[in-house]
Colleague: 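Below is a structure I'd like to ask you about.
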Amino acid sequence: MKSKPLKIGNIELCSPALFAPMAGYSDLGARYLARLYGAGLTTSEMVSAKGLIFENKETKKLLEKAENETPFAAQLFASDPEVLFKAVKLLPDGIDIVDINMGCPAPKIVKNGEGSALLKDPVLAGELVAAAVAASSRPVTVKMRLGFEMGDFAADKVARAVEAAGASAVTVHGRYRDQMYAGSVDKKGIRLVRDAVNVPLIANGDVRSVKDYEKMMEETAADGVMIGRGALGNYRIFAEISGKKIDRTEREDILLQVEYLQREYPERIVVNLMKHHVTAYASGKAGVAKEIRDRVHHATNYVELFAVIDEYFKS
Ligand SMILES: Cc1cc2nc3c(=O)[nH]c(=O)nc-3n(C[C@H](O)[C@H](O)[C@H](O)COP(=O)(O)O)c2cc1C
């Protein structure tokens with residue numbers, strides 16, 4: 001499927017299919033693979049603007065990027081424009097785009113007025129974008145949901161407010177905060193946001209195949225599509241979309257993910273993070289998916305982790 005190039009500010013992306021930020025899942029290795037297979041953009045896991053200001057070590061680590069991640073977006077969450085302004089000023093070189101999280105449904109984020117809580121306050125959403133725009137010359141984007149409470153559609157107002165404040169693109173996950181990650185994605189809702197703004201619109205939610213991607217593009221008239229869970233253990237979806245030819249085995253991909261995590265974390269954390277990833281790869285293996293999931297779930301060290309990888313992902 002041929003679509004026009006997606007440009008965010010002055011940055012032209014090589015593909016309109018983007019890899020979604022997913023805290024705890026879209027780590028360096030996952031993002032490296034997404035880019036290798038042709039994703040047009042990768043974004044850091046969400047990072048606290050306050051954490052950046054207080055020079056939290058873990059926060060800084062989340063902003064490290066793999067060698068093929070250019071352009072790369074840093075996603076920040078905040079509810080205070082002044083805090084966000086300071087945080088954007090502190091972003092390291094190598095960050096090309098600043099994305100503001102207005103979609104996270106987690107109670108600990110929402111209770112601070114951050115993430116999806118901003119869907120209830122388009123004025124503050126605009127002020128946050130204005131602060132980020134004032135703090136650097138990088139394009140600023142926003143990732144949001146359709147609204148906070150189910151049926152209380154707000155994304156059109158929020159999108160207009162952030163566009164007026166200088167946002168260069170808007171990503172819409174077609175669910176309400178109440179839905180968390182379940183229930184169906186409302187493509188008509190995303191389409192309404194498309195019609196509300198002139199900046200590029202990136203549609204998101206439940207895209208798991210090239211067919212889903214094409215339907216999402218067509219039904220929402222979006223300029224791009226962001227893929228999250230559907231790309232985990234299935235990074236080749238980006239190659240299928242762009243027509244890129246890459247000859248790699250799942251085993252090579254899994255081992256690469258282990259290697260990337262090993263650069264950053266001790267054995268216990270690597271094994272825990274790999275449980276998610278191996279489970280994701282397993283979901284494509286009919287008949288043994290549950291067995292793999294159960295086995296990897298009980299792994300506590302490298303010997304047990306590699307035993308599962310060696311048995312089920314031979315080549
Ligand atoms: C485990 C998990 C972590 C997530 N973390 C983030 C995050 O840090 N920032 C963000 O904007 N969205 C986050 N999301 C939302 C995804 O980016 C995406 O909007 C959502 O999963 C819907 O897309 P999908 O159906 O393609 O996965 C997360 C989703 C999941 C499942």
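Order of listing sets the numbers, starting from 1, for every ligand and every atom in it. Since the model is a prediction, treat every value here as computed from it, not as a measurement. Quick note: residue numbers are just sequence positions, from 1.
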Colleague: Hey, are Y213 and E240 close enough side-chain-wise for a donor-acceptor pair under 3.5 Å?
Modeller: no

Colleague: Mind checking whether H173 contacts ligand 1 via backbone (N, CA, C, O), side chain (CB onward), both or neither, at a 4.0 Å heavy-atom cut-off?
Modeller: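 The answer is the side chain of H173.
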
Colleague: Look at atom 16 (C) of ligand 1 and find which of K143, M180, R229 reaches it with the closest heavy atom.
Modeller: K143

Colleague: When you look at K7 and S168, which way does the side chain to side chain donor-acceptor pair (under 3.5 Å) test go after all the steps?
Modeller: CA-CA 9 Å; K7 250 182 128 178; S168 295; over 6 Å; no

Colleague: When only distance counts, is G230 in polar contact with ligand 1, meaning an N/O pair under 3.5 Å?
Modeller: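 No, there is no polar N/O contact under 3.5 Å.
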
Colleague: Does an N or O anywhere in G228 fall below 3.5 Å from an N or O of ligand 1?
Modeller: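 Between G228 and ligand 1, an N or O pair is found under 3.5 Å apart.
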
Colleague: Out of L232, T43, N204, I109, whose heavy atom sits nearest atom 22 (C) of ligand 1?
Modeller: N204

Colleague: May I ask which of Q75, E45, M46 has a heavy atom nearer to atom 9 (N) of ligand 1 than the others do?
Modeller: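 That would be Q75.
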
Colleague: Could you tell me if any non-hydrogen atom of C104 lies under 4.0 Å from any atom of ligand 1?
Modeller: no

Colleague: Check each heavy atom of D206 against ligand 1 and say whether those closer than 4.0 Å belong to the side chain, the backbone, both or neither.
Modeller: both

Colleague: Under 6.0 Å from the six-membered ring centre of Y281 and within 45° of its axis: does the NZ or CZ of R236 meet both?
Modeller: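 R236 over Y281 ring: no.
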
Colleague: Just checking, any donor-acceptor pair under 3.5 angstrom between side chains of K65 and T70?
Modeller: yes

Colleague: Does an N or O from I227, backbone or side chain, lie closer than 3.5 Å to an N or O of ligand 1?
Modeller: no

Colleague: Taking 4.0 angstrom as the limit, do D206 and R175 come out as a salt bridge?
Modeller: yes

Colleague: Checking the N or O distance criterion of under 3.5 Å, is ligand 1 in contact with P21?
Modeller: yes

Colleague: Measuring from atom 1 (C) of ligand 1, which candidate in Y25, F77, Y181, F19 has the nearest non-hydrogen atom?
Modeller: Y25

Colleague: Using a distance-only test with no angle check, is there a side-chain donor-acceptor pair under 3.5 angstrom linking R35 and T42?
Modeller: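 There is such a pair between these side chains.
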
Colleague: Output a table of donor-acceptor pairs, distance under 3.5 Å, between side-chain atoms of residues 262-271 and any protein atom two or more places apart or on a different chain; print 'none' if there are none.
Modeller:
from	atom 1	to	atom 2	distance (Å)
Q262	NE2	Y302	OH	3.3
E267	OE2	Y302	N	2.7

